[in-house]
Each structure stands twice: as C-alpha cells, then as structure tokens.
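Heads up: the structure comes next, in structure tokens.
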Amino acid sequence: MDDDTIEKYYKAGNILATALKKAKEKVKPGVKLIEITQLIEDELIRKKGYSPAFPLNIGINEITAHYACPPGDMTAFPEEGVVKLDAGVHIEGYTTDMAVSVGYGTDKYQVLIEAAEAGLETAIKTIKAGVRVKEVGIAVEHTIRSFGVRPISNLSGHLMTQFQLHAGVSVPNVRVENASSSYRFREGDIFALEPFTTYESAAGYVKNGKEICIYSLIKRKTRNMPSQVTRLINRIWGERRTLPFSFRWYSQLPQAILNRLESQKILHGYPVLIEASLQPVAQAEKTILVQRDGCEIITEE
Ligand code: MN
Ligand code: MN
C-alpha cells in the first residue's frame with residue numbers, strides 16, 4: 001500500500017476516534033438516539049469534510065449490531081443499560097471501523113466491557129504478518145473467558161479493502177476450524193477487530209431480528225422501476241457505491257419498492273442482530289494495519 005493511501009487511513013481513523021470519544025460522553029438516560037447519531041454523522045464527520053463509512057450503529061443491551069436510527073426514530077436511551085456505538089469514516093472508499101461500549105445505571109455491565117476491551121487488546125498483541133486468523137480466535141476466547149463471561153461466537157472481525165467493509169476474510173473471536181480461518185495476515189492488510197461479549201449464562205450467539213435499518217447497493221442497474229427510484233439509486237451509487245447507508249440520508253422508499261430492489265439483487269438489507277437469549281452484549285472494535293512485526297492501530301486520536 002502506498003504512503004498516500006496509508007495517510008488516508010490514518011486521517012479517517014483519527015476523525016473517527018475523536019468523534020466516538022466525544023459522543024460517548026453524551027449517552028445518558030432520556031437522550032434520543034438521533035441526537036447522538038446527528039452528532040457523530042453530521043457534526044463530527046460530515047461538517048469536518050469527511051464521510052461516514054456506514055450509518056452509526058447504536059446497540060442497546062441485547063441489540064448487538066446493525067441497528068441504526070430509521071427515518072423519524074424517536075427512541076431514547078433507557079434508565080440503565082450497555083450501549084454500543086459503532087461508527088465508520090471513509091476517505092475515497094478507504095474505510096475505518098471502530099466501536100466503544102458505555103455501561104450506565106448499574107455496575108453489572110462493566111465486566112462485559114472490560115472483557116471485550118481485553119479481548120481486543122489480545123487480538124492486537126497476537127497479530128503480525130504470517131499469523132493465522134484462527135490463532136486470534138483462540139487467544140481472544142481465552143482472554144474473554146478469563147473474566148467469567150463469553151464471546152459472541154458468530155460475529156467476527158473483517159478484512160477491509162477500498163469500498164469493501166467485509167472483504168472476504170473474517171477474524172473469529174472463538175476457536176474455529178473453517179476454510180478461511182487458515183488465512184495468514186499479510187503486511188499492509190487493513191482489518192477491523194471486534195470482540196463481542198455476553199454473560200456466561202447467555203446463548204452466546206446472535207440471530208437476525210425483523211427490522212432492517214441499513215442497506216447497501218450490490219449494483220446500480222435497475223429494471224422496470226419508476227424513474228424517481230432509478231434516479232435515487234443512481235444518486236446513492238454515486239455517493240456510496242457499495243458502502244452501507246440509511247434511507248434517513250435520502251428519502252424513504254415504499255416497502256414494495258424495497259422488496260423489488262432486493263429481489264432484483266440491487267439492494268441488500270442488513271437485519272438487526274440480537275443476542276439469541278436476549279442477554280446484554282458489549283463490544284470493542286478498532287481498525288489496524290498489519291505490519292511485519294506486529295500491527296498498528298489506525299483508529300486513534
Ligand atoms: Mn463496526
Ligand atoms: Mn466491523
């Protein structure tokens with residue numbers, strides 16, 4: 001990777017880390033999710049001249065990933081809970097991805113947050129060029145279980161390439177044996193690492209919920225669509241290519257049109273992911289650059 005590209009990653013990562021640190025302080029009972037969303041997406045990313053890599057994900061308790069404020073969202077933070085803020089910034093399609101967790105109202109979520117953060121640190125310490133991704137899973141699981149809690153088994157870190165948030169290689173947070181788990185990290189790879197934790201008594205995996213808040217385009221070419229739909233899809237493609245977006249950023253389309261776009265394989269929807277036994281979940285995530293002797297954190301202030 002050339003120096004110019006690396007510089008874009010570090011700039012995007014710095015904007016992102018700064019935004020999340022500021023936004024984290026604002027999570028309080030009664031505050032509307034849309035306020036934090038606008039703070040991150042508009043005030044701390046767009047107004048500084050950058051673009052979100054995806055809509056801000058806000059996961060409260062068992063809501064683990066892929067919830068982002070839908071158009072008109074009036075939801076507020078509850079009296080107590082563990083809240084995951086997961087955001088991204090991209091420059092010319094070079095994406096950074098980071099998440100922080102906040103527990104409030106009680107101490108009982110603290111162990112989940114500490115275990116997720118320790119798991120992330122273990123992953124960072126384990127990675128260098130030549131290490132297999134499955135070795136990370138073994139080490140992260142060991143660290144997380146030493147806190148008496150468990151990792152979410154079916155969520156993982158991911159390789160990122162230009163305009164591709166999930167570029168085909170996963171970094172497990174548990175011991176696994178599958179085809180891609182023998183991938184060896186390469187110098188110059190950009191990965192998001194993201195352990196999730198829940199209580200020992202929980203199911204320990206996520207399932208799809210009914211709601212879809214986040215979409216991405218697979219291709220731009222529509223068939224037999226009203227001209228305003230075709231225009232909107234072209235506009236989104238111009239701004240996002242294959243990066244995820246919320247219809248809150250554009251105008252909402254009727255469900256029937258969304259269904260047609262999905263069946264034509266133009267649009268992909270990401271269902272909200274929920275811990276299968278409805279137990280609370282914490283998350284820690286950073287983006288790293290793999291080097292010969294270790295790895296460097298990209299998402300830092
Ligand atoms: Mn993320
Ligand atoms: Mn991620």
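In what follows, every heavy atom counts, from backbone to side chain, and hydrogens, waters and symmetry copies are set aside. In listed order, ligands and their atoms are each counted from 1. Numbers here are sequence positions counted from 1.
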Discussion item. So, of the N/O/S atoms that Glu285 has, which is the nearest one to the Mn ion (ligand 2)?
Written reply: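 It is OE2 of Glu285.
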Practice prompt. Take Phe185 and Phe191 through the test ring-ring contact (aromatic ring centres under 6.0 Å, His included) and record every step on the way to the result.
Written response: CA-CA 9 Å; Phe185 290 99; Phe191 271 90; 4.9 Å; yes
Worksheet item: Hey, is there an N, O or S on Asp86 sitting under 2.8 Å from the Mn ion (ligand 1)?
Response: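 Checking the Mn ion (ligand 1) against Asp86, an N, O or S atom does fall under 2.8 Å.
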Worksheet item: With no hydrogens and no angle check, do the side chains of Gln283 and Glu194 hold a donor and an acceptor under 3.5 Å apart?
Response: yes
Discussion item. With a cut-off of 2.8 Å, does His158 put an N/O/S atom close enough to the Mn ion (ligand 2)?
Written reply: yes
Practice prompt. Look at the rings of Tyr215 and Phe247 and say which category their plane angle falls in: under 30° parallel, 30 to 60° tilted, over 60° perpendicular.
Written response: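 Aromatic pair Tyr215/Phe247 classed perpendicular.
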Discussion item. Distance to the ring centre below 6.0 angstrom and angle to the axis at most 45 degrees; does that hold for Arg231 and Trp237?
Written reply: no
Worksheet item: How wide is the angle at the Mn ion (ligand 2) between OE2 of Glu194 and OD2 of Asp97, to the nearest 10°?
Response: 170°
